[in-house]
Amino acid sequence: MNRQSLIPAALAALVLCASAPTAFADAARVRPRPDALRAIQARLAAGGGVALTEKSSTRMPGGRIVDHMSYSAGYNVERKGRLRLGRPGVLAAETWRRLSFGTGVAKQIATDTAKGGDAYVASLLPQTSWHHSISVGGHLYASGRLYDPVLPQGKSWARLKNVSGAAAAYGDQLLNVFEPATAKALITEKNRKGDGYEFREPDGRKHWELQYAGALSFAAMYKLSATFREALNGRLDSADRTLQLNWSVFVDDKGLPLRVVSFWENRQDGRFFTSETVTSYSGWGSRTAITAPPSSRTAVTRGPAGPPESDGTVDVLRARPATG
């Protein structure tokens, strides 16, 4: 099938520069550029923890006009948590995730869509309360309203499946810059944008940062990244191989990631779906103990009630029949 480019050039250019602070840039100051790849590798070798905060924005088909105003369908996601790092990458993760619809109209669109039989959208509605996830020791544990219906009385945690230590932190954000192979492939001179710049935040604070940016097809990401393969449950549909992930990694003056930004969209089958995620990192090297929940409060389950399960934006790709 002849398919047009999925990311318009102008939009891609916008995303590659997205999420710089909404403050203005001071005049660029010439300073030695940090070796970001070496800094990431050294941080992994040293171990320790790092805190994350994340915001995602997703737009879906099914907008509505109310009182002569146009409202889009979609939702926003907030995630916060921490990672425990080691030489192989993310060894364990603990996060809290909550979804919001932004407007009452957007929530009503989702409610009506769920009543119409869309199981994917139905699984979004319970997630407006905080959900807690832990990936440690080869298992993924989850707690929250999405999982309550399948848990026995007295249990508050679902042990879902065997996973990597990174699993609890990815699914909205698709780019794991702490994977050694991924960092090596992306943090390159070819992908460096300029020589860095200094920003003044609205509160007067300043920080210096350097941007790396580019784009990869989902097929290339699937080949490169174990985290991406895991987020897709080990299967990339043939119709999705040409989707493009536009990404940016902003590092500080030591070369450590400040923010990771990713954007992708899907215009297949007459549907329009976009997702942008901004993940910020802080507290490098902090002592981080991430442990499994008590076994007395945990039950082994296959997933939440009413599949397909959705605890990450990328799950929309699994919410339709596969084509190959």
Are Y170 and F228 close enough, and set up right, to give a ring-ring contact (aromatic ring centres under 6.0 Å, His included), and what steps lead you there?
CA-CA 8 Å; Y170 295 91; F228 188 75; over 10 Å; no
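- With respect to R205 and D203, a salt bridge is recorded, a charged nitrogen being found less than 4.0 Å from a carboxylate O.
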Take I134 and I290 through the test side chain to side chain contact (heavy atoms under 4.5 Å, CB included) and record every step on the way to the result.
CA-CA 8 Å; I134 300 173; I290 297 175; 3.9 Å; yes
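- Side chains of E179 and S225: a donor-acceptor N/O pair is present below 3.5 angstrom, by distance only.
- Partners of E230 under the salt bridge (charged side-chain N to carboxylate O under 4.0 Å, His left out) rule, at least two apart in sequence or in another chain, do not exist in this structure.
- Remark: F101 pairs with no residue by the ring pair (Phe, Tyr, Trp, His ring centres under 6.0 Å) rule, at least two apart or across chains.
- Taking the side chain to side chain contact (heavy atoms under 4.5 Å, CB included) definition, one finds that K223 meets it with nothing, sequence neighbours left out.
- Applying the side-chain hydrogen bond (donor to acceptor under 3.5 Å, both in side chains) test to residues at least two apart or on different chains, the pairs with a partner in residues 33-50 are R33-D195.
- Considering only residues two or more places apart in sequence or on other chains, R287 meets the salt bridge (charged side-chain N to carboxylate O under 4.0 Å, His left out) condition with none of them.
- Residues N176 and T182 have side chains not in contact (no heavy-atom distance under 4.5 Å, counting atoms from C-beta outward).
- Among residues two or more places apart in sequence or in another chain, the salt bridge (charged side-chain N to carboxylate O under 4.0 Å, His left out) test is passed with D253 by R31.
- At distances below 3.5 Å, not a single donor-acceptor pair connects side-chain atoms of R159 with backbone N or O atoms of K161.
- Ring orientation note: the planes of Y281 and W284 are tilted relative to one another, at an angle of 30° to 60°.
- Side-chain contact, S56 with D172: no donor N or O sits under 3.5 Å from an acceptor N or O.
- For A51, the side chain to side chain contact (heavy atoms under 4.5 Å, CB included) test picks out S282, with sequence neighbours left out.
- Remark: the T274 side chain and the R59 side chain contain no N/O donor-acceptor pair separated by less than 3.5 Å.
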Give the C-alpha distance, both sets of side-chain angles, the deciding distance and a yes or no for side chain to side chain contact (heavy atoms under 4.5 Å, CB included) between R79 and T53.
CA-CA 6 Å; R79 190 193 297 261; T53 57; over 6 Å; no
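- Judged by distance alone, with hydrogens and angles left aside, the side-chain atoms of N191 form a donor-acceptor pair with the main-chain N or O of L186 at under 3.5 Å.
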Decide yes or no on side chain to side chain contact (heavy atoms under 4.5 Å, CB included) for N76 and E78, but give the supporting numbers first.
CA-CA 7 Å; N76 302 313; E78 178 183 2; over 6 Å; no
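- Screening residues 125-142 for salt bridge (charged side-chain N to carboxylate O under 4.0 Å, His left out), with sequence neighbours left out, gives no hits.
- Applying the side-chain hydrogen bond (donor to acceptor under 3.5 Å, both in side chains) criterion to R84, with sequence neighbours excluded, gives no partner residue.
- Cluster partners of W130, using a side-chain heavy-atom cutoff of under 4.5 Å among ILVMFWY residues and allowing indirect links, are W96.
- Residues forming a side chain to side chain contact (heavy atoms under 4.5 Å, CB included) with S217 (at least two apart in sequence, or on another chain): A219, A220, Q244.
- Listed by first and then second residue, the salt bridge (charged side-chain N to carboxylate O under 4.0 Å, His left out) pairs involving residues 129-157 amount to none (not counting sequence neighbours).
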What verdict does the side chain to side chain contact (heavy atoms under 4.5 Å, CB included) test give for L258 and V251, after you've listed the backbone C-alpha separation in whole Å, the side-chain angles of each residue and the deciding distance to 0.1 Å?
CA-CA 5 Å; L258 287 165; V251 302; 6.0 Å; no
